[in-house]
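Single-structure report; data block below.
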Amino acid sequence: MGKTNKKEELNIPVMILCIVGVVLVVFGFLLLKTENFKLNIISTEGTVTGVQIKKTADGVIESRTVNLSYIANNGNYNATINNYPNDIVIGDKMTLYYDFLSPSSVGNKRSGYIGYLAVIIGAIFTLKTGPRFVRIIKDNYLS
């Protein structure tokens with residue numbers, strides 16, 4: 001007697017988790033691409049060395065560009081932050097976050113880890129539910 005393959009039943013939660021996993025992976029890679037794979041998580045203190053203010057014709061502040069100096073990985077670095085939202089003057093201190101592999105990559109906000117988390121969680125969902133999702137589609141819609 002021949003062995004019969006058990007048909008995979010339609011399972012909506014498995015299908016949804018697989019689709020969510022794929023979306024998270026794509027979303028995570030898009031976040032990583034926009035962050036240029038920077039993982040700005042280590043903090044240091046920066047000192048403002050210059051401020052350039054751009055104003056409109058009406059005298060309204062349009063943007064601030066802040067020049068900073070900071071120490072990271074036992075080296076001295078300079079950075080520029082564009083479109084800084086707050087009033088700031090030369091000599092002020094601010095917390096900066098840098099990438100330990102590239103200390104010249106600096107920002108005034110932590111960033112980068114959300115993309116990595118999305119890729120990891122999405123990959124787990126996709127790898128866990130993907131094979132069942134393929135069998136469900138094959139058994140219910142392609143045969």
Side-chain angles (χ1 to χ4, degrees), residues 4-143:
T4 59
N5 289 337
K6 184 180 175 187
K7 184 176 179 181
E8 188 76 39
E9 293 182 22
L10 189 62
N11 190 332
I12 300 299
V14 167
M15 295 173 73
I16 289 172
L17 279 176
C18 186
I19 292 168
V20 166
V22 170
V23 169
L24 281 174
V25 168
V26 171
F27 178 69
F29 276 117
L30 289 175
L31 280 176
L32 291 175
K33 184 178 179 187
T34 60
E35 291 293 327
N36 296 323
F37 291 99
K38 296 173 187 167
L39 191 59
N40 294 337
I41 59 171
I42 299 176
S43 66
T44 189
E45 185 176 80
T47 304
V48 177
T49 58
V51 179
Q52 293 83 37
I53 298 174
K54 185 177 179 183
K55 295 184 178 183
T56 63
D58 301 337
V60 176
I61 295 176
E62 191 172 42
S63 67
R64 287 181 191 84
T65 302
V66 179
N67 297 322
L68 303 150
S69 65
Y70 63 100
I71 297 173
N73 293 354
N74 297 322
N76 294 320
Y77 294 91
N78 294 308
T80 301
I81 296 178
N82 296 313
N83 298 319
Y84 191 74
N86 304 327
D87 287 332
I88 197 160
V89 295
I90 294 174
D92 282 355
K93 307 281 187 197
M94 78 167 57
T95 302
L96 300 173
Y97 300 95
Y98 67 93
D99 184 344
F100 60 95
L101 296 176
S102 175
S104 60
S105 166
V106 69
N108 60 335
K109 294 182 245 175
R110 289 183 189 254
S111 64
Y113 58 90
I114 295 173
Y116 289 103
L117 286 175
V119 169
I120 291 168
I121 292 170
I124 290 169
F125 283 179
T126 303
L127 292 173
K128 189 75 174 162
T129 60
R132 281 192 69 194
F133 180 81
V134 170
R135 283 194 308 270
I136 289 168
I137 295 299
K138 186 174 138 188
D139 290 347
N140 290 290
Y141 299 106
L142 298 178
S143 53

If we only count heavy atoms from C-beta on, is the Phe125 to Val23 side-chain gap below 4.5 Å? no
Which heavy-atom pair separates Gly122 from Leu24 by the least distance, and what is that distance? CA-CB, 3.7 Å
Does Leu96 reach the side chain of Ile81, with side-chain heavy atoms less than 4.5 Å apart? yes
Show me the pairs that pass salt bridge (Lys or Arg N to Asp or Glu O under 4.0 Å) and involve residues 60-80, at least two apart or across chains. Lys54-Glu62, Arg64-Asp87
Is the backbone of Ile136 close enough, under 3.5 Å, to the side chain of Asn140 for a donor and an acceptor to pair up by distance? yes
Under the side chain to side chain contact (heavy atoms under 4.5 Å, CB included) criterion, do Tyr97 and Thr44 qualify, and how do the steps go? CA-CA 6 Å; Tyr97 300 95; Thr44 189; over 6 Å; no
Work out which heavy atom in Asn73 is nearest to a heavy atom in Pro103; give both atom names and the distance. ND2-CG, 3.5 Å
Test side chain to side chain donor-acceptor pair (under 3.5 Å) on Thr80 and Asn67; report intermediate values, then the result. CA-CA 5 Å; Thr80 301; Asn67 297 322; 3.1 Å; yes
Closest non-hydrogen atom pair between Ala72 and Tyr77, with its separation: O-CE1, 3.2 Å
Would you compute the distance between atom CD1 of Ile71 and atom OH of Tyr98 and round it to the nearest 0.5 angstrom? 10.0 Å
In terms of heavy-atom contacts, Phe133 and Val14 come closest through N-CG1, 4.2 Å
Rounded to the nearest 0.5 Å, what separates atom NZ in Lys55 from atom OG in Ser63? 12.0 Å
Measure the OG1-CG distance between Thr129 and Leu17 for me, rounded to the nearest 0.5 Å. 5.5 Å
With no hydrogens and no angle check, is any side-chain donor or acceptor of Thr126 less than 3.5 Å from a backbone partner on Gly130? no
Side-chain contact test, heavy atoms from C-beta onward, threshold under 4.5 Å: evaluate it for Met94 versus Leu68 and give yes or no. yes
Under a 4.5 Å cut-off applied to non-hydrogen side-chain atoms, are Ser104 and Val106 in contact? no
Side-chain touch Met15/Ile137, heavy atoms, less than 4.5 angstrom: yes
How about CZ on Phe27, more than 12 heavy atoms from neighbouring residues, nucleotides or ligands closer than 6.0 Å, or not? no
Go through the steps for Arg132 and Asn11 under the test side chain to side chain contact (heavy atoms under 4.5 Å, CB included), then give the verdict. CA-CA 9 Å; Arg132 281 192 69 194; Asn11 190 332; 3.0 Å; yes
So which heavy atom on Ser43 is nearest to which on Thr95, and how close? CB-CG2, 4.0 Å
